[in-house]
Novice: 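Take a look at this one; I'll ask things after.
Atoms within a ligand are numbered from 1 in the order they appear, just like the ligands themselves. Along the sequence shown, residues are numbered consecutively beginning with 1.
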Amino acid sequence: MSAPLTETAAWQALQAHFESVRHVHLRDLFAADPQRGERLSAEGAGLYLDYSKHRVTDETLELLLDLARSRQLEARRDAMLSGEKINATEGRAVLHTALRAPRGQEILVDGRNVVPEVHEVLDRMAAFAEQIREGQWLGQTGRPIRAVVNIGIGGSDLGPVMAYEALKHYAQRDLTMRFVSNVDGTDLVEKTRDLNPEETLFIVSSKTFTTQETMANAQSARAWLLAALGDDAAVARHFVAVSTNAEAVQKFGIDTANMFGFWDWVGGRYSMDSAIGLSLMLAIGPEGFRELLAGFHAMDEHFASAPLKANLPVLMALLGVWYNNFFDAQTLAVLPYDQYLAYFPAYLQQLDMESNGKHVTLDGHEVAYQTGPVVWGQPGTNGQHAFYQLIHQGTKLIPCDFIAFAQTLNSLPLPGGAPHHDLLMANVFAQTEALAFGKTLPEVLAEGVAPELAPHRVFEGNRPTSTVLADRLTPHTLGALIALYEHKVFVQGVIWDVNSFDQWGVELGKVLAGRIVKELGADEPELGHDSSTNALIRRYRARR
Ligand SMILES: O=P(O)(O)OC[C@H]1O[C@](O)(CO)[C@@H](O)[C@@H]1O
């Protein structure tokens with residue numbers, strides 16, 4: 001990258017522009033343009049994005065698009081999509097988009113078309129999934145599998161559990177699905193206590209097959225199984241693996257015939273549509289899974305071909321940059337108005353924060369600007385009764401993404417009143433309206449509020465929101481929604497000139513934990529840490 005970001009003409013133009021528009025109110029922007037609500041919207045892969053309630057003028061958008069162009073966004077996007085090794089610190093291609101490429105497409109890594117391998121694994125997964133779903137895959141004692149426990153962490157857990165919860169409506173309900181991630185033994189114990197080992201299948205999901213938490217949980221799961229079934233041979237009927245590391249899988253005792261592979265060009269947090277999604281495929285079936293992949297692919301195509309100014313991930317990314325870097329917003333709230341998407345914010349935390357939580361540029365220079373935001377959120381309407389107060393009237397600017405669906409999957413009429421879904425949707429529209437337009441002091445006083453109470457009742461408004469509206473939460477819609485955020489994160493990484501595809505920041509803690517765990521063993525160790533860590537270790541040893 002040539003000039004540092006903040007020294008580019010595009011950045012400086014934005015900075016100057018920011019000074020002139022920073023106090024402009026959404027009330028005035030809407031008053032000046034009756035068409036704004038429809039004009040500032042875009043559509044792609046079945047998702048409608050309303051970005052009119054953002055503190056932007058047409059000029060802001062033009063300048064943000066100039067910034068994207070000045071960072072060679074289109075060339076960088078094409079480099080990713082064509083399999084160039086853009087993950088420079090790990091020397092890897094970044095090709096999660098190949099996971100949803102249709103049969104027959106060609107995507108080369110080191111001169112080799114990877115698409116046929118992707119479909120070969122998908123076909124094996126599908127055959128296995130059908131066997132489990134139809135009760136043909138039998139456990140050691142001849143009983144069909146009725147419970148599936150995915151053991152994994154990070155990208156090997158958050159995607160599967162989020163997507164399973166999101167698509168539960170489509171799941172085969174006589175298959176119990178559980179997800180164990182935490183090395184805290186409570187997780188495994190609580191998730192297995194009511195399961196019958198004879199009918200339980202464990203999927204050990206780990207890209208590296210070395211992750212401490214997953215390996216510990218897998219070993220304890222094996223012990224739980226063998227305590228009931230005795231015979232080591234049971235492992236082959238009750239354990240399968242999803243990994244890129246066949247050697248470690250074999251060493252663990254899982255037959256590699258029962259292993260579903262993926263590739264080093266799939267990052268952990270970008271892997272839920274690889275074999276890492278096996279648990280989801282077991283739940284919703286191969287057809288549902290393929291529909292999900294088609295949704296991902298539809299958004300990939302939109303991202304690859306829509307003009308930047310109508311490109312959903314690009315628009316969302318640039319708006320994020322606008323608040324993050326010019327308004328100094330520290331966080332992004334993601335607020336799905338659908339109970340099925342309860343885990344979506346947690347999933348996005350890894351996707352976004354592990355990708356863009358970086359402090360140096362691609363060529364290793366300390367950045368002179370903010371990079372990735374803190375991502376957080378909860379489903380509406382619950383959050384409204386918890387933290388929205390701060391979003392409405394607090395001193396921090398918190399841009400929000402509202403996500404909602406026109407049709408519910410659980411229509412529940414209320415006798416004599418609006419159905420549940422209308423109540424839910426009314427809240428989406430009301431929240432974004434209140435956040436944007438607020439309530440002025442004269443309006444409060446006109447309601448007859450006592451002058452001394454009036455300031456407490458004022459809503460400043462001008463709180464920016466995006467609304468993503470889709471028709472219905474289906475596997476296809478979910479795929480498109482996930483890909484939307486994947487590409488948004490990519491675009492922001494390009495603007496900030498960081499490597500969105502490594503995660504060295506999680507290493508130090510891992511290494512130290514490996515060292516400390518040895519010091520927690522039987523013999524009193526010589527402790528060489530700082531005085532705080534030494535004291536904590538001693539206190540733990542004395543009291544456990
Ligand atoms: O799938 P694995 O190799 O067990 O890794 C799990 C997670 O650990 C990390 O490497 C770091 O937390 C994540 O990126 C990854 O998703």
Side-chain angles (χ1 to χ4, degrees), residues 86-96 99 121 125 149-164 179-184 187-188 202-222 239-252 254 256 259-280 343-358 372 374-375 482 485-486 489-490 493 498-514 517:
I86 64 163
N87 175 358
T89 58
E90 296 179 325
R92 291 175 182 166
V94 174
L95 269 182
H96 39 279
L99 297 170
V121 175
M125 287 166 64
V149 183
N150 184 74
I151 298 179
I153 196 163
S156 301
D157 166 73
L158 289 163
V161 70
M162 177 277 290
Y164 168 68
F179 298 84
V180 172
S181 54
N182 201 332
V183 75
D184 181 347
D187 202 8
L188 182 69
F202 290 97
I203 304 176
V204 185
S205 298
S206 174
K207 180 175 171 184
T208 55
F209 229 75
T210 57
T211 304
Q212 183 206 51
E213 293 92 332
T214 302
M215 292 303 104
N217 278 322
Q219 272 162 18
S220 296
R222 183 165 57 181
F239 273 81
V240 298
V242 179
S243 187
T244 57
N245 186 349
E247 205 183 318
V249 167
Q250 200 160 28
K251 220 164 138 199
F252 180 86
I254 297 176
T256 44
M259 168 179 157
F260 301 89
F262 60 114
W263 305 271
D264 75 352
W265 39 263
V266 184
R269 54 194 173 274
Y270 297 88
S271 67
M272 63 141 298
D273 49 334
S274 71
I276 289 290
L278 181 62
S279 52
L280 176 69
Y343 287 69
F344 195 59
Y347 169 76
L348 288 186
Q349 283 181 326
Q350 186 199 15
L351 179 66
D352 205 319
M353 295 166 78
E354 201 166 82
S355 295
N356 285 339
K358 306 291 162 64
V374 175
V375 177
I482 298 169
Y485 279 93
E486 286 179 344
V489 166
F490 169 78
V498 297
N499 183 357
S500 303
F501 301 104
D502 61 11
Q503 57 283 320
W504 300 105
V506 298
E507 290 306 316
L508 179 60
K510 279 191 201 171
V511 171
L512 293 180
V517 78

Novice: Could you tell me whether V506 approaches ligand 1 through its side chain, its backbone, both or neither, with non-hydrogen atoms closer than 4.0 Å?
Specialist: side chain
Novice: Do Q350 and ligand 1 have an N or O pair less than 3.5 Å apart?
Specialist: yes
Novice: For Q250 and T256, indicate whether the former's side chain and the latter's backbone hold a donor-acceptor pair under 3.5 Å.
Specialist: no
Novice: Taking the side chain from T244 and the backbone from W263, do they hold a donor-acceptor pair closer than 3.5 Å?
Specialist: no
Novice: So is there a nitrogen or oxygen of S156 less than 3.5 Å from a nitrogen or oxygen in ligand 1?
Specialist: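 So ligand 1 has an N or O lying under 3.5 Å from an N or O of S156.
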Novice: For the backbone of W504 and the side chain of D502, can you confirm whether one donor and one acceptor N or O come within less than 3.5 Å of each other?
Specialist: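 No, because the side chain of D502 does not come within donor-acceptor range (under 3.5 Å) of the backbone of W504.
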Novice: Among all protein heavy atoms, pick the one closest to atom 6 (C) of ligand 1 and tell me residue, atom and distance.
Specialist: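 For atom 6 (C) of ligand 1, the nearest protein heavy atom comes out as I153 O, 3.2 Å.
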Novice: State if E213 counts as touching ligand 1 under the rule of any non-hydrogen atom under 4.0 Å.
Specialist: no
Novice: For the backbone of D352 and the side chain of S355, can you confirm whether one donor and one acceptor N or O come within less than 3.5 Å of each other?
Specialist: no
Novice: Among protein heavy atoms, which sits nearest to atom 3 (O) of ligand 1, and what does the distance come to when rounded to 0.1 Å?
Specialist: T208 OG1, 2.6 Å
Novice: What protein heavy atom lies closest to atom 5 (O) of ligand 1? Include the residue and the distance to one decimal.
Specialist: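 Heavy-atom neighbour on the protein nearest atom 5 (O) of ligand 1: T211 OG1, 3.5 Å.
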Novice: Closest non-hydrogen protein atom to atom 13 (C) of ligand 1, residue and atom name please, with distance?
Specialist: E354 OE1, 3.4 Å
Novice: Considering heavy atoms of the protein only, find what lies nearest to atom 16 (O) of ligand 1 and give residue, atom and distance to 0.1 Å.
Specialist: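 Residue, atom and distance for the closest contact: G155 N, 2.7 Å.
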Novice: Give the residue and atom name of whichever protein heavy atom lies nearest to atom 8 (O) of ligand 1, and the separation in Å to one decimal.
Specialist: K510 NZ, 4.4 Å
Novice: Are Y270 and F501 an aromatic pair by the rule of ring centers under 6.0 Å?
Specialist: yes
Novice: Classify the side-chain pair D187/N217 by whether it contains a donor and acceptor separated by less than 3.5 Å.
Specialist: no
Novice: Within 45° of the ring axis of Y347 and under 6.0 Å from its six-membered ring centre, is that where the NZ or CZ of R269 lies?
Specialist: no
Novice: Verify, without hydrogens or angle tests, whether N356 (side chain) and V489 (backbone) share a donor-acceptor contact under 3.5 angstrom.
Specialist: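 At least one qualifying donor-acceptor pair exists.
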Novice: Looking only at distances, can you tell me whether any N or O atom of G268, backbone or side chain, sits closer than 3.5 Å to an N or O atom of ligand 1?
Specialist: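 No: no nitrogen or oxygen of G268 is under 3.5 Å from one in ligand 1.
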